[in-house]
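Below is one structure, written out as structure tokens, with a few remarks after it.
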Amino acid sequence: MKKLHRIAIVGGGAGGLALATALGHRLGRKGLARITLVDAGLTHIWKPLLHEVAAGTINSFEDELNYFAHSAKNHFEFQLGRLDGIDRENKTLHLAPLTSENGEMIADARSVAYDTLVLAIGSTSNDFGTQGARDNCIFLDSRPQADRFHKKFLDMYLQAHALPEDAPVRPELNIAIVGAGATGVELAAELHHASHEFVQYGLDEIDPHHVNITLIEAAPRILPVLPEAASLAAHAQLEKIGIHVLTGQLVTNITPDGLHTKDGLFVPASLKVWSAGIKAPDFLKDIAGLETNRINQIVVTPTLQTTRDDNIFAFGDCASCQLPGMERPLPPRAQTAHQQAKYLVKAMVARLEKRPLPAFEYRDYGSLISLSSANTVGSLTGNINIQGRIARLMYLSLYRMHQVSLHGFFKTFVLWCKDMLSKTSGPTLKLH
Ligand SMILES: Cc1cc2nc3c(=O)[nH]c(=O)nc-3n(C[C@H](O)[C@H](O)[C@H](O)COP(=O)(O)OP(=O)(O)OC[C@H]3O[C@@H](n4cnc5c(N)ncnc54)[C@H](O)[C@@H]3O)c2cc1C
């Protein structure tokens with residue numbers, strides 16, 4: 001019997017899960033290849049939703065997808081495990097021992113054999129070694145971290161609710177967010193929105209005007225990847241809703257009480273979030289002799305193959321891909337991962353048929369930033385600035401497009417209807 005070509009995809013995020021699903025249908029269903037997806041978690045949630053998970057404005061339990069259930073329906077296999085090494089000579093990847101939340105052993109270290117390996121393990125926040133950042137800030141790299149933030153945020157309201165009615169001082173809440181890229185800006189706006197929502201549910205001891213949100217950015221302006229006009233519009237909108245924006249301030253030290261900047265400012269904060277910069281996970285640095293850059297991303301060619309091994313591909317946030325004629329590598333964004341996943345489906349089919357791989361072509365559709373209920377701003381291809389309802393609709397359609405790549409149009413429509421129904425029947429804020 002002919003041995004099936006084994007394609008192992010590590011990382012079931014914005015890019016990896018879409019790729020595994022499409023390859024399952026294209027190759028797995030017809031018995032043309034064996035597709036295995038490996039992820040460190042049991043469930044997937046689209047990473048650009050994490051700031052909403054943190055604020056509680058979406059319920060992460062409703063929006064998550066179980067890998068085992070999804071793989072069974074979509075003709076690929078799922079392995080729960082955390083990649084910790086690659087043996088290129090024997091074409092195997094190593095998975096770390098699997099332990100439960102309580103630290104009990106579930107499975108020993110294992111290996112998975114591959115003919116083609118695709119790495120899509122995303123990125124983590126880069127604290128640039130800032131003193132106190134690891135110990136005192138929450139990062140928004142994963143669902144458990146976003147849940148942890150939400151729990152702390154909610155606890156502050158529960159604490160205030162438990163105060164005696166005649167308490168002498170009205171409580172206030174100081175939140176500081178380091179980094180005014182898309183994550184920081186969207187989180188600030190979402191927390192502002194959530195602070196007003198709490199009042200609807202009787203948790204009104206913390207007046208929304210006493211929720212002080214400070215966004216701190218080292219660059220001269222917020223959202224440096226957007227054209228200046230869009231960035232200024234977002235800045236003005238944030239200040240209008242009462243968010244304190246500090247630009248040109250480099251955070252140098254973070255303590256349990258707040259943040260110190262290079263210019264000598266101190267920003268008091270009980271809740272602190274680090275969202276400045278990204279890097280690929282540290283264990284990727286020079287992994288198996290592959291070429292990596294200074295932020296641990298694996299360097300790939302325009303066919304998304306690693307520079308030192310044609311059998312290994314990498315894409316999404318964990319890869320550095322500079323296409324001919326471009327001044328810098330592609331941005332670490334969901335739209336990059338999405339376009340690369342689509343390209344890799346064609347590339348994998350070509351590889352199996354022993355045809356030359358087409359080159360990946362990237363199209364920048366622009367960037368949209370959600371300022372929660374206040375507005376959506378951004379720029380489209382050709383530096384066209386956009387805001388308001390149309391921008392909001394386009395922003396929301398990004399998640400729906402991801403759902404279409406996983407479930408097809410019909411189920412995405414059903415999910416959209418379900419979301420609309422639960423918004424009208426249930427609380428608009430997660431209160432547990
Ligand atoms: C709060 C927030 C808001 C954002 N908003 C936007 C936006 O509006 N627009 C936009 O374009 N981008 C946005 N982004 C960026 C976007 O989320 C990422 O660019 C995108 O998710 C990258 O996709 P990926 O497939 O490379 O990685 P991810 O989606 O991060 O997926 C990585 C997967 O790999 C798994 N994994 C990690 N390590 C291992 C390991 N060792 N072994 C096995 N599995 C592993 C993880 O569990 C995860 O499932 C946002 C990011 C954040 C955090």
Side-chain angles (χ1 to χ4, degrees), residues 8-20 37-55 58 64-65 67 78-86 93-96 98 112 118-125 138-146 149 177 179 181-190 223 225-226 273-278 280-284 287 296-298 314-319 321 330-341 344 364-371 376-378 391 394-399 401-402 405:
I9 302 162
V10 187
L17 185 57
L19 176 64
L37 174 70
V38 177
D39 199 281
L42 274 172
T43 60
H44 160 83
I45 188 148
W46 197 51
K47 200 172 176 185
L49 295 180
L50 288 184
H51 63 285
E52 293 178 57
V53 174
I58 64 162
E64 69 185 343
L65 168 158
Y67 288 118
F78 175 67
Q79 280 264 0
L80 176 65
R82 181 171 289 281
L83 175 78
D84 69 354
I86 302 169
L93 48 96
H94 297 301
L95 305 184
L98 196 61
V112 176
V118 187
L119 297 170
I121 62 169
S123 60
T124 61
S125 304
I138 296 186
F139 294 73
L140 279 195
D141 295 328
S142 64
R143 154 87 188 277
Q145 288 171 329
F149 179 92
I177 302 167
T183 307
V185 168
E186 292 188 339
L187 177 68
E190 211 58 47
L223 300 167
V225 296
L226 288 193
V273 180
W274 186 277
S275 66
I278 65 127
D282 290 335
F283 79 94
L284 278 192
I287 189 167
N296 309 329
Q297 287 173 313
I298 298 175
F315 78 108
D317 284 9
C318 74
C321 175
L330 298 178
R333 300 216 305 247
Q335 69 162 307
T336 308
H338 177 78
Q339 290 182 36
Q340 290 179 326
L344 279 172
D364 188 347
Y365 291 100
S367 292
L368 291 165
I369 308 293
S370 163
L371 302 177
T376 300
V377 299
M394 290 174 83
Y395 177 84
L396 295 175
S397 70
L398 295 174
Y399 178 44
M401 272 162 60
H402 176 62
S405 71

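Whatever order the structure lists ligands and atoms in, that order sets their numbers, starting from 1. Given the structure is predicted, the values throughout are model-derived calculations rather than measurements. Along the sequence shown, residues are numbered consecutively beginning with 1. All heavy atoms count here, side chains included; hydrogens, waters and symmetry mates do not.
When D39, L368, V273 are checked for heavy-atom proximity to atom 49 (O) of ligand 1, D39 turns out nearest.
Near A337, the atoms of ligand 1 lying under 4.0 angstrom from a non-hydrogen atom of the residue are 23 (O). Counting the atoms of ligand 1 from 1 in the order shown, those under 4.0 Å from a heavy atom of G81 are 42 (N), 43 (C). Set against the non-hydrogen atoms of L140, the atoms of ligand 1 under 4.0 Å away are 53 (C). Ligand 1 places these atoms under 4.0 Å from at least one heavy atom of G15: 25 (O). Close approach of ligand 1 to Y67 is summarised as follows: ligand atoms under 4.0 Å from at least one heavy atom of the residue are 49 (O).
Nearest approach of S405 to H338, heavy atoms of both residues: CB-CE1, 4.4 Å.
Under a 4.0 Å heavy-atom criterion, P332 is in contact with ligand 1.
Residue V10 has no N or O atom closer than 3.5 Å to an N or O atom of ligand 1. Considering backbone and side-chain atoms together, T183 places no N or O closer than 3.5 Å to any N or O of ligand 1.
The side-chain heavy atoms of W274 and I138, taken from C-beta on, include no pair separated by under 4.5 Å.
The nearest protein heavy atom to atom 42 (N) of ligand 1 is closer than 4.0 Å.
Contacts between L187 and ligand 1 below 4.0 angstrom, taking non-hydrogen atoms only, are absent altogether.
Nearest to atom 38 (N) of ligand 1 among the protein's heavy atoms is I121 CB, 3.8 Å.
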